[in-house]
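Data first, discussion second: the structure below is written as structure tokens.
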Amino acid sequence: TGVIATLCTLAYAELGTMMPQSGGEFVYIHRVYGDFVAFTFSFCNTLLIKPASLVVVAVVFGDYFCNMVWGPATNDIMVKLVAAALIVTLGIVNIVGVNVIAKVCTVVSVLKLGVVGFLIACGSAIVIRGQGEISNFQLPFSFEGSSTNPADYGLAFYYCLFTFQSWNSLNYMTEELKTPERALPIGGFVGMLGVSLSYFLCNVAYLMMFRMRHIVETSTIAMDSGFVAFGRAGEIIMTLGLLVSCLGCIGGAICCIARNLQCTADSGVFPAFMGGINERFRTPVRAIIIESTMMCLYLLFDANVLIPFLSTVEWLFYCCTFSSILYLRWKEPDLPRPFKMPVFVSVMLFLITATLVVLPLFSPDSRLTTLLGFCWLPFGTLVYAIRYYLTKHCGRSPGRVS
């Protein structure tokens, strides 16, 4: 998955240097597929993909917080209540104190590296003591009990690729980069290489400390790692580090997706009531309330349901984006491309993303959630039809990408 995410980042670098406007997929899809598909993407991205992704992080926060405070007495209701309290609190902070969020995000960026380093130290401590689970690295044993259904591996890719979220973030701020032709490919490659290496070392640490069954069954693997290596103190350090990381991630993301919603509403793409800047707080209050409300509603679903639910739609639009690279290579071969990937890589990414969209339909565990994810597409079509009718008969401007 690290290789796939890195290739996706480099393919996006080609698009970002070819069309150096901020906005990510919205810009590229609009260029090739037009207003309707671009609107459907923006609708799904703003109201499903981004808020649902943050809910998964909020549930992780709630799970670790409750297990640290109440231990075995923790239940799903407690976890969801803590997650809801976190979302509401960070929504309010984004309304009245956005500068605080900016400072927290800066600190958290450094702290995340510390958490990864401490986790690797936990694994190293176990190895030094000679207590590692070496059997996890023995091939016959390590694949024991694995599924033989290819669809289950497609679902596994959803979960793994979900952890690489934000690999396309630089393309949302291309206009703010001084030299996008260098920053996008180099920054993307170095960033993904660092993340992939960190994930690899973390997983090696987990496999050194625990049997496979424990890794599958526990929901607080990082907390368990700290406890096994350094006792209660290690457990607390690991948990606090992870909680602060989740807090910064959600707080900063609410700030970003709310402003994305506000900008699309102010440009006429979404209804006007979703946009606007509050005069008192100088923040997009209505957009923040809408995004926070959507996140609280998604808490009604299990996190294991949300990931395939949102990933289905997310990777469908990634597939559309990669197809736009191939389309523009064919239709506009002379378009300036400061950075250019081999065409076979774009073809390969298109086929991989298309497979990831379809494969979970053949798994009994994910078929229903995958179909529910696809239901957002006709819902977005209905909203677009209403918007088109109001534009045509009531004289409202539809708003377009410049």
Side-chain angles (χ1 to χ4, degrees), residues 1-15 24-26 28-29 32-33 37-38 40-45 48-57 146-169 171 188 192 195-196 199-200 203 298 301-327 341-380:
T1 53
V3 173
I4 293 174
T6 302
L7 290 176
C8 288
T9 303
L10 294 175
Y12 267 50
E14 176 178 336
L15 285 168
E25 292 90 355
F26 185 80
Y28 316 139
I29 292 174
V32 174
Y33 291 97
V37 179
T40 307
F41 162 76
S42 189
F43 176 83
C44 294
N45 189 52
L48 167 66
I49 297 170
K50 296 302 183 185
S53 299
L54 294 181
V55 167
V56 177
V57 180
S146 297
S147 173
T148 57
N149 184 358
D152 291 334
Y153 289 92
L155 186 62
F157 267 94
Y158 273 173
Y159 284 95
C160 291
L161 288 167
F162 178 81
T163 64
F164 284 90
Q165 288 264 343
S166 300
W167 56 263
N168 56 344
S169 294
N171 291 71
M192 293 311 303
V195 171
S196 300
Y199 284 172
F200 174 77
N203 280 284
Y298 287 129
F301 299 91
D302 187 84
N304 289 325
V305 172
L306 280 177
I307 292 178
F309 179 62
L310 70 92
S311 296
T312 299
V313 182
E314 183 178 34
W315 284 93
L316 174 63
F317 286 113
Y318 287 154
C319 184
C320 291
T321 306
F322 292 127
S323 69
S324 69
I325 299 177
L326 301 174
Y327 178 84
M341 286 287 286
V343 68
F344 79 88
V345 174
S346 300
V347 172
M348 181 181 67
L349 290 174
F350 171 75
L351 294 175
I352 290 173
T353 51
T355 303
L356 285 174
V357 172
V358 176
L359 207 56
L361 288 170
F362 297 94
S363 172
D365 296 330
S366 61
R367 185 178 297 120
L368 179 59
T369 51
T370 301
L371 292 173
L372 287 174
F374 282 129
C375 287
W376 270 85
L377 301 177
F379 187 31

**OP:** Grab the two heavy atoms, one from Ser324 and one from Leu15, that are nearest each other, plus how far apart they are.
**Re:** OG-CD2, 4.1 Å
Subject >> Closest non-hydrogen atom pair between Leu306 and Ala52, with its separation >> reply: CD1-O, 4.2 Å
Original post:
Taking all non-hydrogen atoms of both residues, which atom of Asp302 and which atom of Asn304 are closest, and how far apart?
Top reply: OD2-N, 2.8 Å
Original post:
If we only count heavy atoms from C-beta on, is the Lys50 to Leu54 side-chain gap below 4.5 Å?
Top reply: no
Original post:
Of the non-hydrogen atoms in Phe309 and Thr369, which two are nearest, and what is the gap between them?
Top reply: CD1-O, 3.6 Å
Subject >> Shortest non-hydrogen separation from Leu7 to Leu349 and the atoms involved >> reply: O-CD1, 3.6 Å
Original post:
Above 12 or not: heavy atoms from other molecules or residues under 6.0 Å from OH of Tyr159?
Top reply: yes
Subject >> Ala38 backbone acceptor or donor facing Ser42 side chain under 3.5 Å >> reply: no
Original post:
If you look at every heavy atom in Val313 and Phe374, which pair is closest and at what distance?
Top reply: CG2-N, 4.4 Å
Original post:
Within a radius of less than 6.0 Å around CZ of Phe162, do more than 12 heavy atoms belonging to other residues, nucleotides or ligands occur?
Top reply: yes
**OP:** Please indicate whether Tyr199 has more than 12 foreign heavy atoms, meaning atoms of other residues, nucleotides or ligands, lying under 6.0 Å from its OH.
**Re:** yes
Original post:
Would the Tyr33 and Tyr327 ring centres measure less than 6.0 Å apart?
Top reply: no
Original post:
Around atom CZ of Phe43, are there more than 12 heavy atoms of other residues, nucleotides or ligands at under 6.0 Å?
Top reply: yes
Subject >> Ile49 backbone acceptor or donor facing Glu314 side chain under 3.5 Å >> reply: no
Original post:
So, Phe322 versus Tyr12, ring centres under 6.0 angstrom or not?
Top reply: yes
**OP:** Start with the C-alpha gap between Glu25 and Asn168, add the side-chain angles, then the distance that decides, and say whether side chain to side chain donor-acceptor pair (under 3.5 Å) holds.
**Re:** CA-CA 9 Å; Glu25 292 90 355; Asn168 56 344; 2.6 Å; yes
Original post:
Looking at Trp167, Phe41, Tyr158, which one forms a ring pair (Phe, Tyr, Trp, His ring centres under 6.0 Å) with Tyr318?
Top reply: Trp167
